[in-house]
**Student:** 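Structure provided below as structure tokens; questions to follow.
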Amino acid sequence: MLGAALAAPIAMLSQPRSHAQSSLPASRQRLVSLDLLITELLLTLGEVPIAVANIPLYRRLVASPALPDSVEDLGPLNEPNLEFLQRLAPTRVLVADWQAPGLMPLTRIAPVLPIRVFAGRTPALDHCETLLSDLAELTGRQAEAATAIAATAAAIDAARTQLSGFSRPVYICRFNRDGRNIALFGGNGMLGDVAGRLNLRNAYKGRVNGAGVTNAPLSRLADEPDAVIVHFDRGAETDVALARLEESALWHALPAVRKGRVVRMPVIYPSGGLRSADRFATQIGKQLAKLADG
Amino acid sequence: MAETISLASTRRRLLLPLSLMVAAALLFAVHLRNAGLAAALPLFDTPDASLASVQLFYGVLPRFIVALAAGGLLGLATTLMQQGLGNPLAEPGTIGLLSTSRLTVAAALIWLPAFAGGFVLPVLAGSLIGLVILLGLSLRRKLSPLFLILNGLVLGLVCDAVTSMLILTHYEEIADLLLWQSGSLVQDNWQVARLLSACLVATVIIVFVLRKPLSLLDLDDAAARSLGLSPMMARIAAIGLAAIAAAAVTAHVGLLAFVGLAGAALARLCGARRFADRAIFSALLSAALLLLTDQTMQMAEMVMAIPAGTVTALFAAPLLLYLLHSGRTQPRTARGFDLHVPHRLAPGRKILIALTALSVVAILIALAVGRMPEGFTWATVNELPRLLPWRWPRVAGALAAGGMIALAGCLMQRMTGNHLASPELIGVSSGATLVMLPVIFFLPPLSRSQTMMVAAVGALLFLLIALRLARRSQYAPEKLLLTGLAITALSGSLLSSAVYFGDIRLTRLIGWLSGSTYAVTEADALVALCLLATSVAVLPLIQRWLGLMPLGEPVAASLGLEIRLARLGMIILVAVLTGIATVMTGPVTFIGLLVPHLVRLIGLRKPLAQTVGCVIAGATLMIVSDWLGRAIAFPWDIPAGLVASVIGAVAYGITAGRSSR
């Protein structure tokens, strides 16, 4: 069964369902999610899974929509606790396709649905919308999906209007603790894609990995002298990094730093779903608009 | 001194380091020109505030110096370590100190995230603690080099196991560790350059002052003592100095695997024999290698930043394999290494019965006791049918894998007469990893059976390579280990690049690498159990081989052993055992190396008794580890391989300590 599912993960999702259990009313579905993005999308739909893997990681990385306390923690993403899962008696387990080969035993508890979470060549937001619609069909929450998609589109539109006067290229990054290296976001990843939809010019045009991020030395930020640097606040780690950067001659020589074009904003999960995209668009719209005025 | 060497040969010997240096310097010049930076700053002027000159003065120039100083320090450290351990394949990483630093860095990142000291303090603390533990453990044997290496390997494996556990459980918080361990030379001020240069100068001075006693370590201990040297003091000095020099580099620029080892190996290739020559040459060569690597990588930086540390091994490992293959390095062999176990009086049969009883108890507990949110539960008869389908494949898989790996280790140690031989140390597991890496990242998700096939092919391929290389040297311990180290470094370097570029999918690979029984299916378990049973049934038939082979080929042949046949048979057996076990549960480190030693330490020394004892002890250790891994951190599942490493190390520490009293 898993083999067939692997062959066409998405096709299976979109099939009109004839199984008895899928036609259960939404509230009777006992779903389990083993992937952060899937968890985020389910919660966006208002469908609370009975259990997810690695709750601390979700709270740390994704945070919003908040995970209710009723949700049980199954442990590691790739090796959820089977005996506990069996006792919870889920009706369906949603996993990322890359996790699926290691999760064969789960098929004995409930049908396992592998979902292609990495967007590949598709822009991340389009991919998320497809996933959300598929999940909506699965849970019978099409209305909620439409609302969420419209809300994100509206947030992006609002931010784009806000930024209509903004023409500088933008680096979207996270500073490493050592103050010498950074992580740059771009390409088709969620952050890069949202930036594109806001008509922002991403100052970093190099290669990124499957999650839309790459590591680079700080000097990369000098490539576009006109750019604005947007960086994510990861608490203590960012404080340490900024303290280091304060001592760095290169940092102070960057045009963006000299002109005060550095923006610190709350961290967003870079492989997140619509809600993350929504937050990112609103955040960056507000912050950069301030910069354009000043 | 110079009078013993003719001028011409000195010149020839300097050719390689010089040409490498020139190549690196040329690249540096091209790099400067391409970047258009040379015009930005008249040399040695204070930089103005313009970006280009800041980048040149605070970025490019210090990075150049750091590459030279770090390379030089690593070259010196490696030569010192090799001198101290009397072993041409030692490097700071060999005795586990890099692993201890890695562990302290990971721990500091997780539990002291606001730690402003960065990586410097954790690394220094880790190296020092590691050094103290190591010397403490090894003092009993007066720091006998092989005992030191074995202790170092054990220490390193345990620390790596714990670090993997931390990476698995704290993947997010530990992102900076992954960056640090990829060894980036990027600079933005002169601090590191100044510090490392100072360290280099200090080390050079100390080595110069101590060159006499250090050179005497080339002799054996008795001869050195007769010349008025305390070999132990000289050894502590060499190892301590090497550890400090390596820690200084590691703390500031991260893990640069293999640079020093390649430098030292090349130094020998250049004909440097005496300690002073080797020190100078390997320092120069390592510096040139690191500079060359880093400058090459800078060329590619516009497209993608690749840290030097992730590629040094890519350059250096094939070089080492070539050197081994061409047979130009002649390591001192140290065959007769043994833990000198006193003979016990308890007969083998009683010990075996006790072991079997222990394993039965372990199996019963693992099947019946589990943990739920409310605590430990003893499964009732009604619950068992529901729970057993989860538990028995895991228990059976753990049993089979533990038994197979321990048996394979035991067979390899007997076949090669080398007490450090084991599937994981000669690179078989790393080979499987090497093949698995691209598969996980670049191919569409594979099914379990396809994944198993790929891993099996990898394991077999690398076992063949390792054994083929090792055969040329009659399985001398050093060559076997050096081959394994080269393959391990290669896969380690690929792994750290994958970690560097990768995303969360990597956790699956790390999970597999840690030896987990989670995904073992009923079919896997049954096949593995049958195979283990067959292998055990074969053991009485090859009893004679097992008894004679450790004596060395000439002796064994003169006693009428068909050596080629015996070796072929053993190799096939080891390959199948390792391959199947690795594929099923991932590379389970440690059991193959340690269980045979443990079994000997508890008194099973005859061929048949030792091999059977290994199977039972390995199986029991894995079952217990698997159960503990399931229970201690509910709902988290700690891979059995990691738990086994920790338990095995503790058992090793206790037994080794007691037996040498």
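Every chain is numbered from 1, with letters handed out A, B, ... down the list of sequences. Just so you know, these numbers use all the heavy atoms, side chains as well, and skip hydrogens, waters and symmetry mates. Computed from a predicted structure; not experimentally measured.
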**Student:** Examine F185(A) together with F232(A) and report whether their ring centres are nearer than 6.0 Å.
**Tutor:**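 Ring-ring flag for F185(A)/F232(A): true, centres closer than 6.0 Å.
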
**Student:** Side chain, backbone, both or neither: which part of Q187(B) has an atom under 4.5 Å from a heavy atom of chain A?
**Tutor:** both

**Student:** L250(A) versus chain B, heavy atoms under 4.5 Å apart: side chain, backbone, both or neither?
**Tutor:**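 When you check distances to chain B, atoms from both the backbone and side chain of L250(A) fall under 4.5 Å.
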
**Student:** Picking from L36(A), D178(A), N54(A), which has the most non-hydrogen pairs under 4.5 angstrom with chain B?
**Tutor:** N54(A)

**Student:** Using 4.0 Å as the upper bound for N to carboxylate O, is an ion pair formed by E83(A) and R371(B)?
**Tutor:** no

**Student:** Who among G370(B), P393(B), P389(B), P639(B) has the most heavy-atom pairs with chain A under 4.5 Å?
**Tutor:** P389(B)

**Student:** Count the heavy atoms of every other residue, nucleotide or ligand shown that sit under 6.0 Å from NZ of K205(A), and state whether that count exceeds 12.
**Tutor:** yes

**Student:** What part of L61(A) is in contact with chain B, defined as an atom under 4.5 angstrom from a non-hydrogen atom: side chain, backbone, both or neither?
**Tutor:**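 It is the side chain, since no backbone atom gets that close.
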
**Student:** Taking every heavy-atom pair that is under 4.5 Å apart, which of P105(A), G235(A), G179(A) has the most such pairs with chain B?
**Tutor:** P105(A)

**Student:** Does any backbone or side-chain atom of Q99(A) lie under 4.5 Å from a heavy atom of chain B? Answer side chain, backbone, both or neither.
**Tutor:** backbone

**Student:** Quick one: what part of P56(A) sits under 4.5 Å from any heavy atom of chain B, side chain, backbone, both or neither?
**Tutor:**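 Interface part for P56(A): neither.
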
**Student:** Does any backbone or side-chain atom of N176(A) lie under 4.5 Å from a heavy atom of chain B? Answer side chain, backbone, both or neither.
**Tutor:** both

**Student:** Which atoms of A243(A) come close to chain B, meaning under 4.5 Å heavy atom to heavy atom: side chain ones, backbone ones, both, or neither?
**Tutor:**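 Answer is neither: A243(A) stays 4.5 Å or more from chain B.
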
**Student:** Looking at S276(A), is its backbone amide N or carbonyl O close enough to the side chain of E40(A) to form a donor-acceptor pair, meaning the two atoms are under 3.5 Å apart?
**Tutor:** yes

**Student:** Any sub-3.5 Å donor-acceptor pair from H252(A)'s side-chain atoms to E246(A)'s backbone N or O?
**Tutor:** yes

**Student:** Just to verify, what does S184(B) make a side-chain contact (heavy atoms from CB on, under 4.5 Å) with, not counting sequence neighbours?
**Tutor:**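 With sequence neighbours excluded, S184(B) shows a side-chain contact (heavy atoms from CB on, under 4.5 Å) to N181(A), V186(B), P307(B), given in chain and number order.
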
**Student:** Would you please name every residue forming a ring pair (Phe, Tyr, Trp, His ring centres under 6.0 Å) with F175(A), sequence neighbours left out?
**Tutor:**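 If we apply the ring pair (Phe, Tyr, Trp, His ring centres under 6.0 Å) test to F175(A), skipping adjacent residues, the hits are H231(A), W251(A).
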
